[in-house]
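This report concerns only the one structure given below.
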2 protein chains.
Amino acid sequence: MKDQTPEPTATERYIGIGELARESGCKPETVRYYEQIGLLPSAPRNEGNQRRYTTAAIRRLTFIRHARDFGFSVEAVRELLQMADYPTMPCEEVDTLAKRHLAEVEARLARLTSVRDELKRMINQCAGGNVGQCHIIDVLSDHRLCHQTGPHGGADVIG
Amino acid sequence: MKDQTPEPTATERYIGIGELARESGCKPETVRYYEQIGLLPSAPRNEGNQRRYTTAAIRRLTFIRHARDFGFSVEAVRELLQMADYPTMPCEEVDTLAKRHLAEVEARLARLTSVRDELKRMINQCAGGNVGQCHIIDVLSDHRLCHQTGPHGGADVIG
DNA sequence: GTAATACCTGTAGTCACTAGAGGTTCAAGT
DNA sequence: ACTTGAACCTCTAGTGACTACAGGTATTAC
């Protein structure tokens with residue numbers, strides 16, 4: 001990964017898992033989990049068996065959290081990390097991964113948008129009477145009552 | 001739930017779990033799962049211990065699948081089913097549930113939209129060189145490089 | 001009669017964490 | 001030096017909504 005900060009010096013301060021987690025916006029449990037599944041390398045331990053980290057770990061974990069926030073799966077993040085570790089490689093694969101992810105996000109957006117529209121229609125048509133006359137229940141009971149502009153009736157529908 | 005079809009007669013044909021699943025757009029495993037968690041009542045069995053269903057089950061399961069397709073949680077579906085079972089009750093609660101769900105869907109849409117925009121920006125700015133110069137990696141490494149119109153950097157970010 | 005298909009139960013796996021039990025270590029204050 | 005409380009450790013189990021599999025039984029078609 002590209003260094004934005006100077007290299008850690010020999011006298012660099014080590015931090016514990018709690019501070020690392022705070023700095024990167026996650027919880028200590030999550031850090032241990034990422035170590036367990038190999039997204040983070042096993043951290044060196046102090047005399048009392050507690051993990052000690054440098055700023056390199058903050059950068060790596062921030063990268064991970066940020067990619068996860070973008071909705072990349074853990075496996076995609078693993079690949080992104082591998083690529084980021086070799087700055088001289090062509091970035092074609094990174095681009096491909098990002099584009100594939102964008103396509104998935106857009107598909108989810110489309111489905112979610114059609115769900116939203118249908119929900120709005122359902123709610124607007126509810127006259128406020130009793131359940132027997134309720135349009136919301138009707139639409140849920142019978143797919144044919146849907147306006148169905150988009151593909152919300154598919155298999156893995158909600159993103 | 002409001003009947004769209006006439007009441008089942010005494011001579012009605014019973015169907016197996018496979019046909020029920022096909023009719024309602026899910027798998028037999030899912031039907032058994034719904035029975036297990038109490039969304040569907042325990043089906044009567046034939047001599048060989050296999051579940052037999054009537055069209056009532058098709059209607060109920062279709063309702064469930066459809067509500068799930070709209071993104072209602074299983075617990076919300078459970079409540080909707082309870083309400084649908086009492087057609088003379090006021091539909092206020094149904095309305096409330098639907099509106100709450102709409103709000104959640106809109107929140108997810110907002111987050112997802114901001115993620116999509118940022119992904120697009122990342123990809124457009126990738127000059128196609130090597131990983132060391134790759135804007136995608138840069139943005140993932142450093143949240144400050146985000147355009148950040150929306151709240152995609154929050155806690156539970158991706159819907 | 002036999003072979004293919006559908007069905008049964010029960011358990012474990014998925015994804016990405018999160019929560020808790022039960023214990024150890026560290027840092028600060030007295 | 002001692003005590004207290006926070007932070008840390010490992011290991012296991014739970015979340016949601018299914019899905020998959022193993023190992024067996026029933027039904028159906030030929």
Side-chain angles (χ1 to χ4, degrees), chain A residues 13-40 42-53 57 61 63-81 101 104 108 154-159, chain B residues 13-40 42-53 57 61 63-81 101 104 108 154-159:
Chain A
R13 182 174 77 98
Y14 283 84
I15 61 173
I17 197 171
E19 193 173 342
L20 170 63
R22 266 193 308 282
E23 291 287 318
S24 341
C26 62
K27 302 182 185 177
E29 290 90 332
T30 310
V31 178
R32 284 189 284 261
Y33 171 69
Y34 285 160
E35 178 180 316
Q36 195 195 315
I37 64 171
L39 278 195
L40 291 174
S42 315
R45 309 295 183 106
N46 69 0
E47 303 241 306
N49 195 34
Q50 302 194 349
R51 293 169 180 83
R52 295 294 106 169
Y53 296 94
L61 186 50
F63 181 95
I64 295 170
R65 283 311 315 165
H66 204 184
R68 293 283 305 121
D69 285 349
F70 271 105
F72 286 97
S73 71
V74 162
E75 285 320 300
V77 174
R78 201 189 293 280
E79 292 182 49
L80 284 169
L81 279 169
H101 184 55
E104 277 165 32
R108 284 207 298 224
D156 56 334
V157 175
I158 295 297
Chain B
R13 182 174 76 98
Y14 283 84
I15 59 174
I17 196 170
E19 193 174 343
L20 170 64
R22 267 193 308 283
E23 290 287 318
S24 342
C26 62
K27 301 182 183 176
E29 289 91 331
T30 311
V31 179
R32 284 191 283 263
Y33 171 69
Y34 286 160
E35 179 180 316
Q36 194 195 314
I37 64 171
L39 276 196
L40 290 173
S42 316
R45 309 296 183 105
N46 69 2
E47 303 242 306
N49 196 34
Q50 302 195 349
R51 293 169 179 84
R52 295 293 106 169
Y53 296 94
L61 186 49
F63 181 95
I64 295 170
R65 283 311 315 163
H66 204 184
R68 293 282 306 120
D69 285 348
F70 271 104
F72 286 97
S73 72
V74 162
E75 285 319 300
V77 175
R78 201 189 294 278
E79 291 182 50
L80 285 170
L81 279 168
H101 184 55
E104 277 165 34
R108 284 206 298 223
D156 56 333
V157 174
I158 295 298

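In what follows, chains are A, B, ... by sequence order, proteins preceding strands, each numbered from 1.
When the nucleotides dA20(D), dT27(D), dA19(C) are ranked by their closest atom to the side chain of Lys27(B), dA20(D) comes out on top. Taking the side chain of Arg32(A) as heavy atoms from C-beta on, and the options dT18(C), dT19(D), dC9(D), the nearest nucleotide is dC9(D). In the set dC18(D), dC17(C), dC8(D), dC8(D) carries the atom at the smallest distance from any side-chain atom of Gln50(A). Closest to the Arg68(A) side chain, of the nucleotides dC17(C), dC26(C), dC18(D), is dC17(C). Nearest to the side chain of Tyr33(A), among dA17(D), dC9(D), dA16(C), sits dA16(C). Across dT9(C), dA17(D), dC9(D), the shortest atom-to-atom separation from the side chain of Asn49(A) is found for dC9(D).
Using a 4.0 Å cut-off between charged side-chain N and carboxylate O, Arg32(A) and Glu35(A) make no salt bridge. With respect to the salt-bridge test (charged N to carboxylate O, under 4.0 angstrom), the residues Glu19(A) and Arg22(A) do not qualify.
Residue-level contact check: Arg51(B) touches the backbone only, with heavy atoms under 4.0 Å from sugar-phosphate atoms and none from bases. Arg52(B) comes within 4.0 angstrom of no nucleic acid atom, judged by non-hydrogen atoms across all strands.
We find that CG of Leu61(B) is positioned 16 Å from P of dA17(D), with the value rounded to whole Å. Atom P of nucleotide dT18(C) and atom CD1 of Ile37(A) are separated by 12 Å, given to the nearest angstrom. Whole-Å rounding puts the Asn46(B) CG to dA26(D) C1' distance at 8 Å. Atom OH in Tyr53(B) sits about 11 Å away from atom C1' in dC7(C), given to the nearest Å. Computed from coordinates, the Leu40(B) CG to dA17(D) P distance equals 15 Å when rounded to whole Å. Going from atom OH of Tyr14(A) over to atom P of dC26(C) covers 16 Å, rounded to whole Å. Computed from coordinates, the Ile17(B) CD1 to dA26(D) C1' distance equals 14 Å when rounded to whole Å. When the C1' atom of dT9(C) is taken as reference, atom CD of Gln36(B) falls 10 Å away, rounded to whole Å.
Put simply, Arg65(A) has a side-chain N or O that comes within less than 4.0 Å of OP1 or OP2 on dC17(C). Taking side-chain N and O atoms only, Tyr34(B) has a distance below 4.0 Å to OP1 or OP2 of dC18(D).
Both Glu19(B) and Thr30(A) lie near DNA chain C, and the one whose nearest nucleotide falls closer to the 5' end is Glu19(B). In terms of position on DNA chain D, the residue among Glu47(B) and Glu29(B) whose nearest nucleotide sits closer to the 5' end is Glu29(B).
Across all non-hydrogen atoms, the minimal contact from Pro28(B) to Gly18(B) is CG-CA, 4.3 Å.
Residue Leu61(A) is tested with Leu39(A), Val31(A), Thr30(A) for a side chain to side chain contact (heavy atoms under 4.5 Å, CB included); the sole match is Val31(A). Asn49(B) pairs in a side chain to side chain donor-acceptor pair (under 3.5 Å) with only one of the listed residues (Glu47(B), Arg51(B), Arg45(B)), which is Arg45(B).
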